Amino acid sequence: MSQLLLDVNGLTMRFGGLVAVDHVDLAVKHRQVVSIIGPNGAGKTTVFNCLSGFYIPSDGSVVFSGEQVAGMKDYQISRKGLVRTFQHVRLFSKMTVIENMLVAQHRHLKTDLISGLLKTSSYRRLEQEAMDRAAYWLKEMDLLQYANREAGNLAYGQQRRLEIARCMVTQPQLLLLDEPAAGLNPNETKELDELIVRLRDEHEISVLLIEHDMKLVMGISDHIYVIAQGAPLANGTPDEVKNNPDVIKAYLGEE
Amino acid sequence: MQNSKFLSALFAAGITFVLACLMIGVKLDTEGTELAVTGATAEQWTWIGLGIGLVFLSQLFSNQIDAFFGKLPKPKLGGLLPEEKKRAALKPWLLAALIVGMLVWPFMVSRGAVDLATLTLIYIMLGLGLNIVVGLAGLLDLGFVAFYAVGAYTYALLSMYFGLSFWMCLPISAGLAALFGFLLGFPVLRLRGDYLAIVTLGFGEIIRILLNNWTELTNGPSGISGIPKPTLFGLEFTRRAKEEGAQTFHDFMGISYSSSYKVIFLYLIAVLLVIFVIYLINRLMRMPIGRAWEALREDEIACRSLGLNRTTIKLSAFTLGASTAGFAGSFFAARQGFISPESFIFIESAIILAIVVLGGMGSQIGVILAAIVMTILPELAREFAEYRMLLFGLLMVVMMRWRPEGLVPMKRPHLELKS
């Protein structure tokens, strides 16, 4: 099982009497793009919230690179290399693009007061490294020329890219993308498609994706999980899922 | 449309009428044991009438007035300033000139002016401290004066019971205020917005009431007097040395005694403390911790998802802000020579908060300017007596209407990237 990056078993989330997520299993290998699809309100984002520590799961185990992370604090989980984006872009909109990138690297920097006040050499070196890493990812995302703009003033597509860049600069192993294509035009969606493939192939990270754009999902996923009403419905390769009668029923309804 | 305009104008005029009548027109006076209502003079009534008329007309024709002012050409202030590059080159010179000016200035003006300047500098320190908490970290603190009180009482009590000097107590005060900030912050920082404001408000009151009632330790409402002034390497600024063997400043320098030396000396200490605080906070804002404070204010959930521990970040902002207030407090105690819980009432917190909001949240220059305005204006407006607070309120309303972001809104630092 060592090749599994993320291994989720029997994940359950109850809010009072409501079971939002019911015994969901997921498995993500290294350098894989795995998608979670399902109708609106199926509990996909709740799964993300459980994985990233925003909710403490009621039941089940979440093992991330061999370590049980269910029940850990959100910031602890993200420091282990499991970083997420949000359905609605969450940038530090009054801060500049480059500042957004630096905040994300908080834990890689020297944050104690003394070294910062005295500008010790290790402080300056780490600060410079952070700047270089930020510049690298801004360039990757084609945002370098906006580095000193306020993040809130960027166009929507650029904000989406900045959010991913901000995640990447934390040097994650697994990236959780919550509807990254929402609100993008077809052209931008195509670019996003290429970007995710590039992240997997060149930067060797795994991506767990929630998305409604079926063309995008079917094109890039190595494996797809379908969730309906909180419970797992089906999983398999894109072709298997596409032809699964249960999935078709859940999406289109019965005759 | 026209009709609703008329109604709203009538409404505004009515409000003005009620307010003006209650505040200026009618007065309650005690005559013996009775209360008597006295009206304003005829001249005052005319002014009230004119005021109401003005409000009515300006409301009625607000569109036309706005249009008129919109047509006026806006002064191009940007053109008056030199270019960005030149400005950067000029900056250290300007700064040096400013500091030299601040150091030379007190020798040329009256004692009262220097004293007022010292008070202003205390408020600058307080404003800068609260600016960390409210402006940068976005934590609304209505009880900031509590830390100010802790600082002041730390010095007063340590010098009363143990005879410690000002210079020794200055860091202790800052440290103790920071400790109080930490202790308060730990349980309450999980609260947000309004809830945090209420808790800090309560904390401010608790400290004040504690100081008021713990008579054995703090002397209660009668306060602590005779707090020693700071010394210059052991030289006192009194007419005669208090202790045997100690030397006074004028003896040492071989000049005749003047009480203004003391005032100027206090002012100079305040200048140094303020420069120190400004430098410190300026560095902090450019450090990872400063960015994290702002990020937390902008979006807490995003911060958590990026591996930032919000508790430590909030706590550091709270603690550092508190220590600045403690710093200012111990200097305040030394300047006054007398403190009592009266000095640390809620209105002080409100004034400091007003300084931060007026100046522009997060902006250091703005806060400094606002502190100057807020301390000097009430002094200038002394002749208006009771209407002082009214003017104060008016200023607030005008500011919020025309510059809602504050006098000098915060500017983002420009970071050079080599690509």
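Just so it is clear, the model here is predicted, and its values are computed rather than measured.
- Residues forming a ring-ring contact (aromatic ring centres under 6.0 Å, His included) with A/Tyr225 (at least two apart in sequence, or on another chain): A/His223.
- Proximity to chain B is limited to the side chain of A/Asn148, based on heavy atoms less than 4.5 angstrom apart.
- Interface remark: A/Ser52 contributes no atoms to any contact with chain B (heavy atom separation under 4.5 Å).
- Counting heavy-atom pairs closer than 4.5 Å to chain B, the top residue among A/Phe86, A/Phe54, A/Tyr136 is A/Phe54.
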Exercise for the section: Take A/His106 and B/Leu306 through the side-chain contact (heavy atoms from CB on, under 4.5 Å) test and state the conclusion after the steps. Expected result: CA-CA 8 Å; A/His106 192 74; B/Leu306 293 169; over 6 Å; no
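- The distance from the SG atom of B/Cys303 to the CG atom of A/Asp74 is 10.5 Å, given to the nearest 0.5 Å.
- Residue contact with chain B, scored on non-hydrogen atoms closer than 4.5 Å, involves the backbone of A/Leu91 exclusively.
- At least one donor-acceptor pair closer than 3.5 Å links the side chain of B/Glu298 to the backbone N or O of A/Lys94.
- Contact tally against chain B (heavy-atom pairs below 4.5 Å) for A/Ile98, A/Leu176, A/Leu102: the top residue is A/Leu102.
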Exercise for the section: Show your reasoning for whether side-chain contact (heavy atoms from CB on, under 4.5 Å) applies to B/Arg310 and A/Tyr75. Expected result: CA-CA 9 Å; B/Arg310 63 187 159 148; A/Tyr75 63 90; over 6 Å; no
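- Considering A/Arg79, A/Gln76, A/Arg107, A/Lys73 in turn, A/Arg79 is the only one that fulfils the side-chain contact (heavy atoms from CB on, under 4.5 Å) rule with B/Asn309.
- Your options are A/Arg84, A/Glu163, A/Glu127, and the one with the most heavy-atom pairs under 4.5 Å with chain B is A/Glu127.
- Remark: B/Tyr148 engages B/Phe332, B/Phe344 in a ring-ring contact (aromatic ring centres under 6.0 Å, His included) (not counting sequence neighbours).
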